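Small disclaimer: the values here were computed from a predicted structure and weren't measured. Numbering of ligands and ligand atoms starts at 1, following listing order.
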Amino acid sequence: MNDSAPLILQALRHQSCKRPPVWLMRQAGRYMKAYRDLKSKHGFLGLCRSPELAAEVTMQPVRAFDPDAAIIFSDIMIPLEGMGIEFTFNPGPQIENKIKTLSDVNELKVSDPLNSCPFVFEAISSVKRQLSELEAREPKALIGFAGAPWTLACYIVEQDIYKHFQGTQVFAHKNPEVAITLLTKITDVIVKYVLAQVEAGAEVIQIFDSWGGILGEEDYKQFSLPFLQRIFEQVRSTGCSSILYVNNSAHLLSALEQSGADCISVDWRTPLDKAENTLSGNLALQGNLDPTHLFKNKEDLHQLTRKMLSGLNRKTGYIANLGHGILPHTPIESVQCFIDAVKEGW
Ligand code: 1CP
């Protein structure tokens, strides 16, 4: 076992890395047969709610493909259950009692995730132990995560006739104060949730603002950024590193710079060199191969991965990844091809 820090932590601290570290967003999941087999027995929430099974599903891609990180298996909705929000999955979140009014917001509890979802923290401790026992060439980082308050609000606010979460935008503009109260309550819970993940052993916290990109820059600064700033300030106070992923974020890059995250995870639509030129050099970058490129043939995928790396001007402060989560039906050979191509080095 090598006892230096995991490459991902070196990259987030801007220490020089012998090669780019690599992992894949949503690396545990439906493209893996081992995952599908376990899910067919226990159901998605059954996997999330069992610390043993969540740890096992977390470790499946780590053992199969040797990425530089494990990301804890769970879902962004899990900490909301303690607030009184009821949901199922099919395959995405289906919410029973959507938020419509101020009184719905007032009824939400600012619960303690240690009570409402203790299994997440038990799974983190278990994965931490398993990673330390793994016979791997490099130590691996353990990544915890949460949804951004805006993205969580997208799922829980009533959408009525609106598509693509515009219902949440309409809700925010009709009742900005109610929306801010809702976002503040979600943030209160998410702060507790990520701090408990750090306490349990997470070394990096990634926040997913998957629907932040539907907002224009000014609205982003009102309805997403201040809540992210609170979360990242708290994560920073523990000494833990942080990553912010915002899908469809080309127009938001300068706003994201003010989030307080250590690293911006760039979606595939923005060329990495453009992100590198726009963002301050103090910020690390993560990304950003188009997840659909994993369906190309091996030669093309290898070439595209090497091209992604050669577009960068830096040799640290960078984590190779996809530009969004890996898709169902992705060929597993492509996952290995992508990881191996990154491991060829700078
Ligand atoms: O049918 C199934 O097998 C369930 C599919 C699935 C999985 C594997 C869902 C339902 N969630 C997950 C796990 C999950 N969710 C992880 C696992 C850790 C990993 O390996 O990376 C993570 C990080 C998430 C986070 C998540 N859930 C996000 C943010 C990331 C992103 O892709 O933008 C979002 C938006 C969700 C909501 C969600 N949960 C599940 C689905 C299919 C979705 C997306 C639905 C939608 O597009 O609205």
Side-chain angles (χ1 to χ4, degrees), residues 22-49 53-65 67-81 85 87-95 117 120 123-124 127 140-157 159 163-168 190 193-194 197 202 204-214 243-249 265-268 286-288 291-292 319 321-330 335:
V22 57
W23 67 284
L24 287 82
M25 285 191 272
R26 302 282 212 121
Q27 65 189 16
R30 284 179 283 178
Y31 71 102
M32 287 187 77
K33 181 174 183 308
Y35 168 83
R36 294 194 302 271
D37 288 349
L38 268 188
K39 195 190 106 175
S40 70
K41 259 201 217 148
H42 303 278
F44 176 68
L45 279 171
L47 295 181
C48 292
R49 288 180 179 141
L53 294 172
E56 170 57 22
V57 173
T58 302
M59 291 301 291
Q60 284 173 347
V62 176
R63 293 193 295 253
F65 310 113
D68 292 307
I71 177 162
I72 195 66
F73 183 82
S74 188
D75 191 78
I76 57 170
M77 302 307 292
I78 294 293
L80 302 186
E81 205 167 16
I85 291 164
F87 50 79
T88 53
F89 285 87
N90 182 26
Q94 316 290 318
I95 283 59
C117 49
V120 173
I124 289 176
V127 171
K140 297 182 191 301
L142 174 48
I143 304 176
F145 74 89
W150 170 259
T151 285
L152 293 171
C154 281
Y155 285 104
I156 67 178
V157 167
Q159 296 300 310
K163 292 222 165 72
H164 314 298
F165 300 109
Q166 276 184 323
T168 303
I190 295 301
Y193 184 59
V194 294
Q197 291 189 45
V204 179
I205 295 291
Q206 173 153 332
I207 302 295
F208 288 93
D209 201 355
S210 305
W211 302 108
I214 67 175
I243 304 174
L244 171 60
Y245 174 77
V246 184
N247 192 22
N248 241 321
S249 60
S265 191
V266 182
D267 76 72
W268 73 93
Q286 177 173 272
N288 73 342
T292 64
I319 302 166
N321 205 320
L322 304 179
H324 198 179
I326 186 168
L327 295 164
H329 308 300
T330 297
V335 176

Exercise. Using side chain to side chain donor-acceptor pair (under 3.5 Å) as the criterion, list what pairs up with Thr168, not counting sequence neighbours.
Key: Gln159
Atom pairs, nitrogen or oxygen, ligand 1 to protein, under 3.5 angstrom:
from: ligand 1; atom 1: 1 (O); to: Lys39; atom 2: NZ; distance (Å): 2.6
from: ligand 1; atom 1: 3 (O); to: Tyr35; atom 2: OH; distance (Å): 2.6
from: ligand 1; atom 1: 3 (O); to: Lys39; atom 2: NZ; distance (Å): 3.0
from: ligand 1; atom 1: 11 (N); to: Asp75; atom 2: OD1; distance (Å): 2.8
from: ligand 1; atom 1: 15 (N); to: Asp75; atom 2: OD1; distance (Å): 3.0
from: ligand 1; atom 1: 20 (O); to: Gln27; atom 2: N; distance (Å): 3.1
from: ligand 1; atom 1: 20 (O); to: Ala28; atom 2: N; distance (Å): 2.9
from: ligand 1; atom 1: 21 (O); to: Arg26; atom 2: N; distance (Å): 2.8
from: ligand 1; atom 1: 27 (N); to: Asp75; atom 2: OD1; distance (Å): 2.9
from: ligand 1; atom 1: 32 (O); to: Arg26; atom 2: NE; distance (Å): 3.0
from: ligand 1; atom 1: 32 (O); to: Arg26; atom 2: NH2; distance (Å): 3.2
from: ligand 1; atom 1: 32 (O); to: His324; atom 2: NE2; distance (Å): 3.2
from: ligand 1; atom 1: 33 (O); to: Ser210; atom 2: OG; distance (Å): 2.5
from: ligand 1; atom 1: 33 (O); to: His324; atom 2: NE2; distance (Å): 2.7
from: ligand 1; atom 1: 39 (N); to: Asp75; atom 2: OD1; distance (Å): 2.8
from: ligand 1; atom 1: 48 (O); to: Tyr155; atom 2: OH; distance (Å): 2.6

Exercise. Can you sort out the partners of Phe145 under ring-ring contact (aromatic ring centres under 6.0 Å, His included), two or more places apart, ordered by chain and number?
Key: Phe208
Quiz item: What residues, two or more places apart in sequence or in another chain, satisfy side-chain contact (heavy atoms from CB on, under 4.5 Å) together with His42?
Solution: Leu38, Leu47, Leu53
Quiz item: Are Lys41 and Asp37 close enough for a salt bridge, meaning some N to O gap below 4.0 Å?
Solution: no
Quiz item: Between Tyr155 and Phe87, does the ring centroid distance fall short of 6.0 Å?
Solution: no
Self-check item: N/O donor-acceptor pair under 3.5 Å between Gln27 side chain and Val335 backbone
Solution: no
